[in-house]
Amino acid sequence: MLAASTIWGAIALFALFGAFVAWRATRANTGTAEDYYLGGRSIGGVVAGLSYAATTYSAFMLVVLTGLTYRGGIGALGFELIYFAGLSLLVIFAPRFWLAAKRWGFISPAEMLGARYGSVWVARAAALVALVFLMPYCTTQMAGIGLLLSGVTGGEISLFQAVATGALLAAVWTLFAGLRSVAWTDAVQAVVMLVSAVLAIGFAVAAIGGWGAFARLTMETQADRLSVPGPGLWSLNTFVALSLPWFFFAISNPQVSQRLFILRDMAAMRRMIFWVLGFGLAFTVIAVTWGFAALHLAPGLENTATATPALLTSGAIPAPVAVLLILGILAAAVSTLDSIALTLGAMVARDMMRDARPATQIAAGRIVVILVILFAGMFALQKVQIVDQLAALSAAGLMVTVPATIGAFFWRRATAAGALASIGGGAALAVWMSMIKGVSVFNPVLALSVGGVSVALYVVVSLVTRPRASALDFKGELADDLARVNAW
Amino acid sequence: MSKRGGFGPWLAVVAVLVFAGGFVPYGLLADQRGWFTAAFWALFGVAVIVVIVTGAKGWRDR
């Protein structure tokens, strides 16, 4: 076990450093809502890329994905790489999101959808869906922090204390300076995440006897986990159930799609994507390898979500490296949590209070940040055991905005009624199937039904209704801009 | 202003790649002992990077 005092000391140093970075970021703020939520649309490629990566690659990776690897084997790598392949959507949608936001001044993805369809109710529906379905994802981050800190200290740091710590860090860094402090602290946290993970995996593999021994031992003792379907978790059904919603992550999750609004120019956008690709592939391979290492160094775990704390306290990882990795996972969770909280704050401020003064919108956003973090923390304390299911439910639920988002840029005939029907109908189905009928998120019927119904409603209702007079023509109006920046 | 060509073939490559990402491990390599599936998915990840870089590299600011 690691001493609680050591962990607290490390967290205190980390918090101070993060507070300094956030304070420096504050000095550039100008007081407008655009500045608070989007950093004045002037963020460069490296910071944006590391921020995007840190927001995406959360505590999910080294807690949940590692646990899924431990339980089911190599299928976890394939699932995560299908999400990775979904980043190809950025080639199509990143220029469109950025150009649309620049031209019309959008601050949130929901606002963009509302303006496209000429309906404030579309914006509100998208914001509400984000609020509802990102909450489980926030809870995953809190639960991840809780499992980790209480796990490595043998309960000396209680679940409550761990969750409260994560909540406090996320809240302070977000409230300080909005997107600027979130992006800069994200960038620092991404470096901590990757460096600590590389060091930790190096020591874990060394404890097993090196890479050759690791490969040999895995073949000898875990051969069934090296293929799919493996010992059972990664059946084709489960793979489809999890991969399908996650493929659309880049355009369905507003905390990352909003990152497309913050960029300075197309060169920054390209650089951001390249950084995300490099970070993403490396971190994915590390998280899965870590899971296999845990099978060797901490075998026989009943709760596979505790694979990381068990590995960190197995004796294979030197205490300083273990502490650094703990900070890395804490950083991953906090960066995701504060990005989500800020995006939800922006959505409430812009889509629910669009006529308010900028100062009021910022204040409202700050209140939402606090409430989101508080609620996620409280829920995490109740439901920490089902952390993987909560993350999967989040992805499946957020898929309901995908038809309206794709159609916004490619189908002029699409209507506000169609968008509303697909978002509302799809969301209602997701909630009914998962919460009332108890359909598991590992059952592809959930994702396929939600996705299928959303698409069907979007198309059918659009065909029997008319576009609103105030709807924007993204396809027509952005065509010249897209050609100018040489995007498809 | 002239539109950039090649989107159709690029999209087709993405579709084939994503399909292969599921079909190969669950079809051709199902239950195969050894590091084949891991190696395939590692190469798949690299292929994804190549495809995305190809799509984004022509972007410019004017």
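Naming: A, B, ... by sequence-line order, numbering from 1 per chain.
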Below 4.5 Å from any heavy atom of chain B, which atoms of [X] appear? Answer side chain, backbone, both or neither.
| X | answer |
| --- | --- |
| A:A215 | both |
| A:L81 | both |
| A:F84 | both |

* Asked: Can a donor-acceptor pair be found between the side chains of A:T66 and A:T69 at a distance below 3.5 Å?
  ->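 Result is no, nothing qualifies.
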* Pair A:S227, B:R33: side-chain N/O donor-acceptor within cut-off below 3.5 Å ->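 Result is no, nothing qualifies.
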Check whether [X] gets within reach of chain A through its side chain, its backbone, both or neither, counting any heavy atom under 4.5 Å.
| X | result |
| --- | --- |
| B:L17 | neither |
| B:V18 | both |
| B:F7 | both |

* To do: Using a cut-off of under 4.5 Å on heavy-atom pairs, state which of B:V48, B:L11, B:L29, B:T54 scores highest against chain A.
  => B:V48
* Quick one: which of B:D31, B:V53, B:V51 has the most heavy-atom pairs under 4.5 Å with chain A, could you say? =>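 Of B:D31, B:V53, B:V51, B:D31 has the most heavy-atom pairs under 4.5 Å with chain A.
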* So with a 6.0 Å cut-off around CZ of B:F36, is the heavy-atom count from everything else above 12? ->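 For B:F36, atom CZ is not crowded (no more than 12 foreign heavy atoms under 6.0 Å).
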* Asked: What class does the angle between the rings of A:F279 and A:Y57 fall in, given that below 30° is parallel, 30 to 60° is tilted and above 60° is perpendicular?
  ->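 Aromatic pair A:F279/A:Y57 classed tilted.
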* Asked: Between A:F214 and A:H296, what is the ring plane arrangement, given parallel below 30°, perpendicular above 60°, and tilted in between?
  -> perpendicular
* Count the heavy-atom pairs under 4.5 Å between each of A:V91, A:L281, A:I82 and chain B, then report the option with the highest count. =>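 Ranked by heavy-atom pairs under 4.5 Å with chain B, first place is A:V91.
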* Heavy-atom pairs under 4.5 Å with chain B, option from A:V285, A:I92, A:D224 with the top count -> A:I92
* Structure fact -> Between the CH2 atom in A:W234 and the CG atom in A:L77, the distance rounded to the nearest 0.5 Å is 10.0 Å
* Do side-chain atoms of A:S235 reach the backbone of A:T238 as a donor and acceptor pair under 3.5 angstrom? ->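 Answer holds: yes.
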